[in-house]
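Written out below as structure tokens is the structure these notes cover.
All figures in this text were calculated on a predicted structure; none of them were measured in a lab. Side-chain atoms are counted along with the backbone in the values below, which use heavy atoms only and exclude waters and symmetry mates.
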Amino acid sequence: FEKRFEVAQFVLQQPEILLEKSLDGKANWVFDVPEKPAASKAGGDSAADVARAYGFKLGEFLINKGKVSYIDHATGAKETLEDINVAVTMPDISSEAQVDGTVTWRGKKVQIVFHAEKPASLIGGEPTPGGLSVKAPDISFDFNGSLASKGVLASGDMTAEVKSLPALVSWISGSVVADMPYQSLSFKSKAKLSSGQVALTGSTLTLDDLTLTGDVTLDLSGAKPAV
């Protein structure tokens, strides 16, 4: 008897998700789950081990024209992600996984591409080559290097470019910003992200004709971030 679990294609057509916070701050996506007894060190396989054992294969996972709405009834804050289209391909747990998607936020389309060369390593906490790319009309971000689910979460080369700072700030803030001291921005650096810390080395920041270089470490482990 051969253990095998294969999904040729799984499609969510026009799904709509509503995320709400009540007046007392309780979120509808947080559930009260009874605590599980501590697992013994010898027992229990990892998710990656189980997927390998059962020959898990995922041909294609698709989300077409999805929508996610967020409402905070205490503050009145509202956000909507529309036209969510996502394609996930992962032939099996040991083959490269890729996520390619687009979403519209505040009237502008954002493209997101993620890939991990060895999903089994990522799930198991071991590093694997991978990357992330985010592109929108006013900004682009790229990361390529090593990814992990614990320890050093990401390590590699990072670049970012903003063609129009006033347009980007206007889009994110929701308020029109007519002018700023600097109009454009570009940034490149070696980046290392671990729990509670971001380290940027060999960094170059360009604001219009002004160029700054150096190293920066951001400590997020305390009550307040420290540089």
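- One finds the OG atom of Ser69 at 4.5 Å from the NZ atom of Lys67 (value rounded to the nearest 0.5 Å).
- With rounding to the nearest 0.5 Å, the separation of CG in Asn85 from NZ in Lys65 is 8.0 Å.
- Across all non-hydrogen atoms, the minimal contact from Thr128 to Lys118 is OG1-N, 2.9 Å.
- With hydrogens and angles left out, the side-chain atoms of Trp105 and Glu79 include a donor and acceptor closer than 3.5 Å.
- Ile84 is not connected to Val113 by any chain of hydrophobic side-chain contacts under 4.5 Å among Ile, Leu, Val, Met, Phe, Trp and Tyr, and they are in different clusters.
- The environment of CG in Asp24 is crowded: more than 12 heavy-atom neighbours from other residues, nucleotides or ligands sit within 6.0 Å.
- No donor-acceptor contact under 3.5 angstrom links the side chains of Thr201 and Asp215, judged on distance only.
- The pair Lys188-Asp157 does not count as a salt bridge, with every side-chain nitrogen at least 4.0 angstrom from each carboxylate oxygen.
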Run the numbers on Phe61 and Thr89 for side-chain contact (heavy atoms from CB on, under 4.5 Å), then give the verdict. CA-CA 7 Å; Phe61 173 80; Thr89 55; over 6 Å; no
Would you check, one step at a time, whether the test side-chain contact (heavy atoms from CB on, under 4.5 Å) holds for Met180 with Val169? CA-CA 10 Å; Met180 294 181 67; Val169 174; 3.8 Å; yes
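- Atom NZ of Lys135 and atom CD of Glu161 lie 9.0 Å apart (nearest 0.5 Å).
- No single ILVMFWY cluster, assembled from side-chain heavy atoms under 4.5 Å apart, contains both Val11 and Met90.
- Residues Thr217 and Gln197 meet the side-chain proximity criterion, which asks for heavy atoms closer than 4.5 Å.
- Shortest non-hydrogen contact noted between Ala136 and Val110 is CB-CG2, 4.1 Å.
- Rounding to the nearest 0.5 Å gives a distance of 8.0 Å between CG of Leu185 and OG1 of Thr206.
- The CG atom of Asp83 sits 11.5 Å away from atom OG1 of Thr80, with the distance rounded to the nearest 0.5 Å.
- Between the side chains of Ser203 and Ser189, at least one donor N or O sits under 3.5 Å from an acceptor N or O.
- Note on Asp138 versus Lys108: salt bridge recorded, some NZ/NE/NH1/NH2 to OD/OE distance being below 4.0 Å.
- The side-chain heavy atoms of Thr102 and Lys109, taken from C-beta on, include a pair separated by under 4.5 Å.
- Closest non-hydrogen pair, Met158 versus Leu200, comes out as CE-CD2, 3.8 Å.
- At least one donor-acceptor pair closer than 3.5 Å links the side chain of Asn28 to the backbone N or O of Glu20.
- Side-chain atoms of Asn64 and Gln13 form a donor-acceptor pair, as typed in the model, at a separation below 3.5 Å.
- Linking Ile, Leu, Val, Met, Phe, Trp and Tyr residues whenever their side-chain heavy atoms come within less than 4.5 Å leaves Val68 and Leu18 in two separate clusters.
- No side-chain heavy atom of Val134 sits less than 4.5 Å from a side-chain heavy atom of Gln111.
- Scanning all heavy atoms of the two residues, the minimum distance from Phe143 to Gly156 falls at CE1-N, 3.6 Å.
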Show the numbers, then the answer: is there a side-chain contact (heavy atoms from CB on, under 4.5 Å) between Leu81 and Thr104? CA-CA 6 Å; Leu81 301 176; Thr104 298; over 6 Å; no
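- Not one N or O on the side chain of Ser170 forms a donor-acceptor pair closer than 3.5 Å with the backbone of Val176.
- Using bins of under 30°, 30° to 60° and over 60° for the plane-to-plane angle, the ring pair Tyr70/Trp29 lands in the tilted bin.
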Check against side-chain contact (heavy atoms from CB on, under 4.5 Å), Thr159 and Phe141: CA-CA 6 Å; Thr159 62; Phe141 169 88; over 6 Å; no
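- Hydrophobic clustering keeps Ile112 apart from Leu62 (ILVMFWY residues linked when any side-chain heavy atoms are closer than 4.5 Å, directly or through intermediates).
- The shortest heavy-atom contact between Ser95 and Pro119 is O-CD, 2.8 Å.
- Ser133 and Asp142 form a side-chain donor-acceptor contact under 3.5 Å, judged by distance and modelled atom types alone.
- With rounding to the nearest 0.5 angstrom, the CG atom of Leu168 is 12.5 Å from the NZ atom of Lys163.
- Pro127 approaches Ser121 most closely through the heavy-atom pair O-CB, 4.0 Å.
- A single hydrophobic cluster is seen to contain both Val177 and Val162, as judged by linkage of ILVMFWY side chains at heavy-atom distances under 4.5 Å, directly or through other members.
- Residues His115 and Glu96 are in side-chain contact: their nearest non-hydrogen atoms beyond the backbone lie under 4.5 Å apart.
- A donor-acceptor distance shorter than 3.5 angstrom exists from the side chain of Asp92 to the backbone of Ser94, with no hydrogens or angles considered.
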